[in-house]
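These notes are about the structure you will find just below.
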Amino acid sequence: MSRRLEIPAAIAVGELAVRARGIGVQLDGKRILEGVDLDLHAGEVLALIGPNGAGKSTLLGVLSGDAALTTGTVEIAGVPLGDWHLQVLARQRAVLAQSNAVAFPFSVAEIVEMGRAPWRRTPLEDDDERAVAEAMELTEVTRFAERAYPSLSGGERARASLARVLAQRTGIVMLDEPTAALDLKHQEAVLRIARERAAAGDAVVVVLHDLNLAAAYADRVALLADGRLHSAGAPEQVLTAETIAEVYQHPVEIVRHPRTGRAIVVPLRD
Ligand code: ADP
Ligand code: MG
């Protein structure tokens, strides 16, 4: 009973929120991930990038505890994943999966309220209404609150699912391609929210395909290629023309934003 009431302590900014070492995943005899070491700190936005099939979703699944690993260890706030009580883990990390298939016609409000389930029977249950309303405002889905989730467009569904994750109010946020279906305004909004959460001390890892979003918003970038961590570091260290051309197998040019100096990746075109 006492474990049910457990509320994870905040992780101090700069401290390790997630520590993964020697991560290997094999599925049906196929090597999906091998030897991946990755750190995620409280207070940072880490962008996870890499070509289709590189293993980004698998790695996010392993980091969150939703997918099994074959070798290696993952610690959340210094505690091995396997030692976490599932309900308590759900108060520490929230996950936006890549596919948000919902079979039943729940309303958007009901979907977002599901983010509060881990806090049931804790004192933080008192925040439910505010957390749900705030998350729906941030993702601009308030006006869809009573609509059936399956009736929304792909982008609207993605925002409603993100609202569920934000409403969970965890210190660690893991987002798998949250911007894939979104228009320009909402892509920027999602990354701005990620930055705000990091500024408030949360640890945010986000899978992105848009390298320019990664360059503009991430503190650090981790590049996966063929199941291995190719490189990790500041965006300007990882996002070089040589590296991108090699890993994505397409020539690119890196130009600098005239005001921010951030990298802009431009594919070379004939
Ligand atoms: P990413 O998110 O980087 O596009 P994924 O992590 O989804 O990549 O997948 C990595 C690789 O693992 C892909 O080649 C994919 O086809 C393969 N894969 C994923 N799930 C399975 C599975 N259940 N069985 C076999 N192969 C899988
Ligand atoms: Mg994926």
Side-chain angles (χ1 to χ4, degrees), residues 11 15-42 44-84 86 89 92-99 172-180 194 203-211 213-215 218-252 254 263 265:
I11 305 161
E15 295 293 309
L16 276 180
V18 182
R19 179 180 188 273
R21 289 295 177 273
I23 301 304
V25 171
Q26 290 209 11
L27 288 171
D28 303 330
K30 186 171 171 246
R31 181 186 57 78
I32 311 289
L33 291 174
E34 189 171 334
V36 175
D37 296 340
L38 197 69
D39 289 337
L40 174 67
H41 304 88
E44 77 171 343
V45 174
L46 172 67
L48 195 53
I49 62 170
N52 293 145
K56 304 179 297 296
S57 294
T58 305
L59 180 58
L60 210 68
V62 165
L63 298 179
S64 65
D66 291 337
L69 44 70
T70 312
T71 59
T73 56
V74 177
E75 289 174 3
I76 302 265
V79 178
L81 257 181
D83 291 357
W84 282 89
L86 264 188
L89 183 62
Q92 185 67 273
R93 60 99 184 97
V95 188
L96 179 70
Q98 195 170 357
S99 66
I172 303 173
V173 182
M174 300 176 168
L175 308 174
D176 198 347
E177 295 197 29
T179 55
V204 182
V205 54
V206 52
V207 177
L208 291 174
H209 268 303
D210 186 330
L211 303 178
L213 283 179
D219 296 302
R220 286 193 309 130
V221 175
L223 172 59
L224 272 185
D226 197 20
R228 292 170 174 276
L229 188 67
H230 179 285
S231 41
E236 60 269 24
Q237 291 173 322
V238 176
L239 299 172
T240 67
E242 296 72 26
T243 296
I244 299 303
E246 176 202 327
V247 172
Y248 286 85
Q249 298 183 353
H250 189 95
V252 300
I254 307 291
V265 180

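- For Ala47 against Leu208, the heavy-atom pair with the smallest separation is CB-CD1, 4.1 Å.
- The distance from the OG1 atom of Thr70 to the CD atom of Glu34 is 10.5 Å, given to the nearest 0.5 Å.
- With sequence neighbours excluded, the residues forming a side chain to side chain contact (heavy atoms under 4.5 Å, CB included) with Ala222 are Leu38, Leu46, Leu48, Leu229, Ala232, listed by chain and number.
- The two residues Val247 and Ala225 come nearest to each other via the heavy atoms CG1-CB, 3.7 Å.
- For the atom pair CG of Leu86 and CG of Asp66, the computed distance is 8.5 Å after rounding to the nearest 0.5 Å.
- One finds the CD atom of Gln92 at 13.0 Å from the OG atom of Ser64 (value rounded to the nearest 0.5 Å).
- The two atoms that bring Trp84 and Ala77 nearest to each other are CZ2-CB, 4.3 Å, heavy atoms only.
- Under the side-chain contact (heavy atoms from CB on, under 4.5 Å) test applied with Leu96, the options Leu175, Val173, Leu60 reduce to a single match, Leu175.
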Next item on the list: Begin from the C-alpha positions of Thr179 and Val206 and carry the test side-chain contact (heavy atoms from CB on, under 4.5 Å) through to its verdict.
Entry: CA-CA 10 Å; Thr179 55; Val206 52; over 6 Å; no

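- Using a 4.5 Å heavy-atom cutoff, the side chains of Ile49 and Leu239 are in contact.
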Check: Taking it one step at a time, do Leu81 and Leu89 satisfy side-chain contact (heavy atoms from CB on, under 4.5 Å)?
Finding: CA-CA 8 Å; Leu81 257 181; Leu89 183 62; 3.9 Å; yes

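- One side chain, Gln98 or Ser57, offers a donor N or O that lies under 3.5 Å from an acceptor on the other.
- Minimum interatomic distance between Val204 and Ala194 (heavy atoms only, all atoms of both residues): CG2-O, 3.8 Å.
- Note on residues 71-82: no pairs pass side chain to side chain donor-acceptor pair (under 3.5 Å), not counting sequence neighbours.
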For residues 16-25, which side-chain donor-acceptor pairs fall under 3.5 Å, sequence neighbours excluded?
{"residue": "Arg21", "atom": "NH1", "partner": "Asp39", "partner atom": "OD1", "Å": "2.9"}
{"residue": "Arg21", "atom": "NH2", "partner": "Asp39", "partner atom": "OD1", "Å": "3.0"}
{"residue": "Arg21", "atom": "NH2", "partner": "Asp39", "partner atom": "OD2", "Å": "3.3"}

Margin query: Please determine whether side-chain contact (heavy atoms from CB on, under 4.5 Å) holds for the pair Asn52 and His209, giving the CA-CA distance in whole Å, both sets of side-chain angles, and the decisive distance to 0.1 Å.
Written below: CA-CA 9 Å; Asn52 293 145; His209 268 303; 3.5 Å; yes

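- By the 4.5 Å heavy-atom criterion applied to side chains, Met174 and Asp176 are not counted as neighbours.
- Of all non-hydrogen atoms in Ala245 and Pro251, the two that sit nearest each other are CB-CA, 4.0 Å.
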Check: When you look at Leu40 and Leu63, which way does the side-chain contact (heavy atoms from CB on, under 4.5 Å) test go after all the steps?
Finding: CA-CA 10 Å; Leu40 174 67; Leu63 298 179; over 6 Å; no

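- To the nearest 0.5 Å, the span separating OG1 on Thr240 from CD1 on Ile254 amounts to 7.0 Å.
- Here the side chains of Arg31 and Asp226 are in contact, with some heavy-atom distance below 4.5 Å.
- A distance of 10.0 Å separates CG of Leu59 from CG of Leu69, quoted to the nearest 0.5 Å.
- Remark: Arg220 CZ to His41 NE2 distance equals 5.5 Å, nearest 0.5 Å.
- Checked by atom type and distance alone, the side chain of Lys56 never pairs as donor or acceptor with a backbone atom of Leu223 at under 3.5 Å.
- In terms of heavy-atom proximity, Ala214 sits nearest to Pro235 at O-CG, 4.4 Å.
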